[in-house]
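Chain letters run A, B, ... following the sequence lines, proteins first and then strands; every chain starts at 1. Values below: every heavy atom of this structure, side chains too, minus hydrogens, waters and symmetry copies. Keep in mind that this is a model prediction, so the values were computed, not measured.
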Protein chains: 2
Amino acid sequence: MKEGPDIAQIGALIGDPARANMLAALTGGRALTATELAGVGGITLQTASTHLAKLEAGGLLAQRKQGRHRYFTLADEAVARLIESMMGFAAGRGHLRHRPGPKEPALRKARICYDHLAGDYGVRMLDSLIASGAIAAIGDGLALTEKGESDLKRIGIDVGDLRSSRRPLCRSCLDWSERRAHLAGSLGKALLSNFLDKGWARRTAESRSITFSPEGDRQFLRLFPAEA
Amino acid sequence: MKEGPDIAQIGALIGDPARANMLAALTGGRALTATELAGVGGITLQTASTHLAKLEAGGLLAQRKQGRHRYFTLADEAVARLIESMMGFAAGRGHLRHRPGPKEPALRKARICYDHLAGDYGVRMLDSLIASGAIAAIGDGLALTEKGESDLKRIGIDVGDLRSSRRPLCRSCLDWSERRAHLAGSLGKALLSNFLDKGWARRTAESRSITFSPEGDRQFLRLFPAEA
DNA sequence: TTCATAGTTCGATCGTAACCGAAGCATTGT
DNA sequence: ACAATGCTTCGGTTACGATCGAACTATGAA
C-alpha cells in the first residue's frame, strides 16, 4: 500500500539468481539468444524462456526476432545503469558470487559495460581525458570541452554526429571493480567502437572482457597516459 | 556462478513487498522501531522481526537499541540513493503501487528524501541555486561556487563545517515524482535542517511529506524564485 | 514482586514461483 | 515434403520463504 512507485517488482525481478546472471551477461552489451542466456543462467531453455518473458513484461529487456533466433538486449541504458549501480553497491558490501577466480584479472583490466569501456583501462581513459583538459568534471558530472572536441576529431571521432542523439554525450558510470568512475554515454560508446574498428582491441567470445592487441595496447597507453 | 558481484541477493532483499515498504519508509530519514515498521509493511511484529534481521545481515539497515526500543535506519546514504534510484526507475516504467491517491499531492510538493528536501520544492530550490550562480552544474555533477558559499553564510549556513565531513557536499539526486534532479549531500541536509530550525517547515507525523507554514512558504519562495 | 511493553525465536502452515519433461509452433535447411 | 533447430506453452513436482501463533527474553513501570 502507500505512496510512490513500486520497487518490489523490480527488486523481485532482479532478485532471482538465474535472472540476475542473465541481466549481468547482457550488461556486456551484445544481444544474446534465449539459449545462450539459459547457459549463463545455469538453467534449461524452458525455464529461461519464462524468465525472459517476465523480464520483458517488467520492461527490463527488449527482444527482436531474427530468423529463428530471438535476440535479447537490455531495454535501454537506464537498465544498464541500474544493474551496474547495484553491482557497485553489492561489491561494496561484500556480496560476492565467488572468491576471485582465474578469469577475474582480465575482467578487471578491461571489460565492456553495456556499450563502453570499463575496468582499469576505462578508469584510466577518463582520468587521462580529464587531466589533459579534454573533459571537464564537477562531481559526477562530465562535459566535453572545445579542446576535447578537437582532440577527438584527430583520432577520428566526430562529436557533431553524437550530439544529435537524444542520449547524453558524457556520463560517468561507477565501476564495481575499480570503484571509480569511467566514461559512459554516447561518447564512451564512440570511443570503444573506435578502438574496436581500429583493431586495437576485440571482444572476447562469451565474456564481458576486452582483450587488447600488443599494438593496440601500446597505442592506448600512449594516447591516455597515466597521470604524473 | 561466474564473475562479479552478486546483485541477486540485494534484489531479493528489496524484492519482497513488505521489505520494500519498510525501506521506502526509512527513506524518510527518521529512525523507526520494529513495531512501526511492521505497520508500514502490513505484517505482524514477528514477521517484521525476521525481515529486519535479514535486511541488517544484508547490510541495508543499521539498528541501535535504546531502552526497550530498537530503532532502525538505512545503513548509510548509499542505500538511500539506491532506493531512490530504483524508485525513479520504477516510476519511469509505470510500476506504481496504486493510482494517485489523496495524499499524493502533498508528497509531490515537498517531501524528505533520506535527509534532504525532495519533490517540487526540492527541484525548485536546486534550479534556483543554479540560476543564481550559487551552484555550478555539469551534467549530474554539482559544485558550490564562492558566491554560493557567501550566499549561504547569509542565511546561516557555514559551509566550512560541512566540508570536514567525509560525505560529499553537493550531490544530485533524481526525483521520482519530478523526474528532475534535486540537491542531496551534506549541503542538502544542512539546508533542510535550516528550514526546520527556523520553523519554516516541519515533518509530518508518519509520512515522508513536509509541510511549510504560510510564513515559511513565503520565505522559501522569495529565497528561491522560479526562473524567468 | 508483578505486570506491561518491545522484540526475538521456534514450529508449523501455506502459497508461490522456480524448475524440468514433454508436447506444440515456427523458421530454416535439404 | 521432411528433418532439424530455436523457442514457447503446458502440467506436475518441489522447494523455499513469507507468514503467524505461541513461547521466550529483556527492559521499564507500578
Side-chain angles (χ1 to χ4, degrees), chain A residues 1-2 6-26 30-73 95 97 206, chain B residues 1-2 6-26 30-73 95 97 206:
Chain A
M1 45 276 252
K2 303 290 152 50
D6 186 9
I7 352 175
Q9 291 182 33
I10 302 170
L13 282 176
I14 303 178
D16 179 85
R19 284 195 293 257
N21 282 335
M22 299 196 233
L23 288 169
L26 288 171
R30 57 162 46 119
L32 298 175
T33 66
T35 315
E36 289 169 325
L37 288 168
V40 311
I43 49 182
T44 64
L45 180 57
Q46 308 95 293
T47 314
S49 182
T50 67
H51 280 313
L52 292 169
K54 285 178 190 176
L55 287 171
E56 197 189 357
L60 297 188
L61 292 188
Q63 68 165 293
R64 67 169 190 284
K65 54 195 309 187
Q66 200 170 98
R68 54 184 164 183
H69 293 276
R70 258 181 155 79
Y71 284 98
F72 290 86
T73 54
H95 294 269
R97 269 186 286 191
E206 277 297 309
Chain B
M1 46 276 255
K2 303 288 152 49
D6 187 10
I7 352 175
Q9 290 183 34
I10 303 170
L13 282 176
I14 303 178
D16 180 84
R19 285 195 292 257
N21 283 334
M22 299 197 236
L23 288 169
L26 287 171
R30 56 162 46 117
L32 298 175
T33 66
T35 316
E36 290 169 324
L37 288 168
V40 311
I43 47 181
T44 63
L45 179 57
Q46 307 97 292
T47 316
S49 181
T50 66
H51 280 313
L52 291 169
K54 285 179 189 176
L55 287 171
E56 197 189 357
L60 298 189
L61 293 189
Q63 73 166 287
R64 66 170 190 283
K65 54 195 307 187
Q66 201 169 98
R68 54 181 163 184
H69 293 276
R70 262 181 151 81
Y71 285 98
F72 290 87
T73 55
H95 294 270
R97 269 187 286 193
E206 277 297 310

Q: Ignoring backbone atoms, establish whether A/Arg70 has a side-chain N or O less than 4.0 Å from OP1 or OP2 of C/dT27.
A: no
Q | Phosphate contact (D/dG28 OP1 or OP2) by B/His69 side-chain N/O below 4.0 Å | A | no
Q. If you check every side-chain atom of A/Ile43, which of C/dG7, C/dC19, D/dT27 has the closest atom?
A. C/dC19
Q) Is any side-chain nitrogen or oxygen of B/Ser49 closer than 4.0 Å to OP1 or OP2 of C/dT8? A) yes
Q: Report the C-alpha separation of A/Val40 and A/Met22 in whole Å, then their side-chain angles, then the decisive distance to 0.1 Å, and conclude whether the side-chain contact (heavy atoms from CB on, under 4.5 Å) test is met.
A: CA-CA 6 Å; A/Val40 311; A/Met22 299 196 233; 4.3 Å; yes
Q. Taking atom P of C/dC3 as reference, at what distance in whole Å does atom CZ of B/Arg68 sit?
A. 16 Å
Q: Would you tell me if any nitrogen or oxygen in the side chain of A/Thr44 comes within less than 4.0 Å of OP1 or OP2 on C/dC19?
A: no
Q. Do B/Gln46 and C/dG7 have a side chain to base donor-acceptor pair shorter than 3.5 Å?
A. no
Q: Report the residue (A/Asp16 or A/Gly67) whose heavy-atom-nearest nucleotide on DNA chain C is the more 5′ of the two.
A: A/Asp16
**Q.** Separation of atom CG in A/Leu55 from atom P in C/dA18, rounded to whole Å
**A.** 10 Å
(Q) How many whole angstroms separate atom CG of B/Leu13 from atom C1' of D/dG17? (A) 12 Å
Q) Which one, D/dA18, D/dC7, C/dC19, comes nearest to the side chain of A/His51? A) C/dC19
(Q) What's the separation between atom CG in A/Leu13 and atom CD1 in A/Ile10, rounded to the nearest 0.5 Å? (A) 7.5 Å
Q) If you check the A/Ala34 side chain, which of D/dT8, C/dG29, C/dT8 turns out closest? A) D/dT8
**Q.** B/Thr35 side chain near C/dA6 phosphate (N/O to OP1/OP2, under 4.0 Å)
**A.** no
Q) Could you give the OH-to-C1' distance, from A/Tyr71 to D/dT5, as a whole number of Å? A) 13 Å
Q: Take B/Thr33 and B/Tyr71, measure what side-chain contact (heavy atoms from CB on, under 4.5 Å) needs, and give me the verdict at the end.
A: CA-CA 5 Å; B/Thr33 66; B/Tyr71 285 98; 3.6 Å; yes
Q) Starting at CG of A/Leu52 and ending at C1' of D/dT8, how long is that distance when rounded to a whole Å? A) 11 Å
Q) Given side chains that start at C-beta, do those of B/Leu60 and B/Arg19 come closer than 4.5 Å, heavy atoms only? A) no
Q: Check whether any side-chain nitrogen or oxygen of B/Arg19 sits under 4.0 Å from OP1 or OP2 of D/dA18, and answer yes or no.
A: yes
Q: Please step through side-chain contact (heavy atoms from CB on, under 4.5 Å) for the pair B/Gln63 and B/Leu55, ending with a clear verdict.
A: CA-CA 10 Å; B/Gln63 73 166 287; B/Leu55 287 171; over 6 Å; no
(Q) Please confirm whether the shortest side-chain N or O distance from B/Lys54 to OP1 or OP2 of D/dA18 is below 4.0 Å. (A) yes
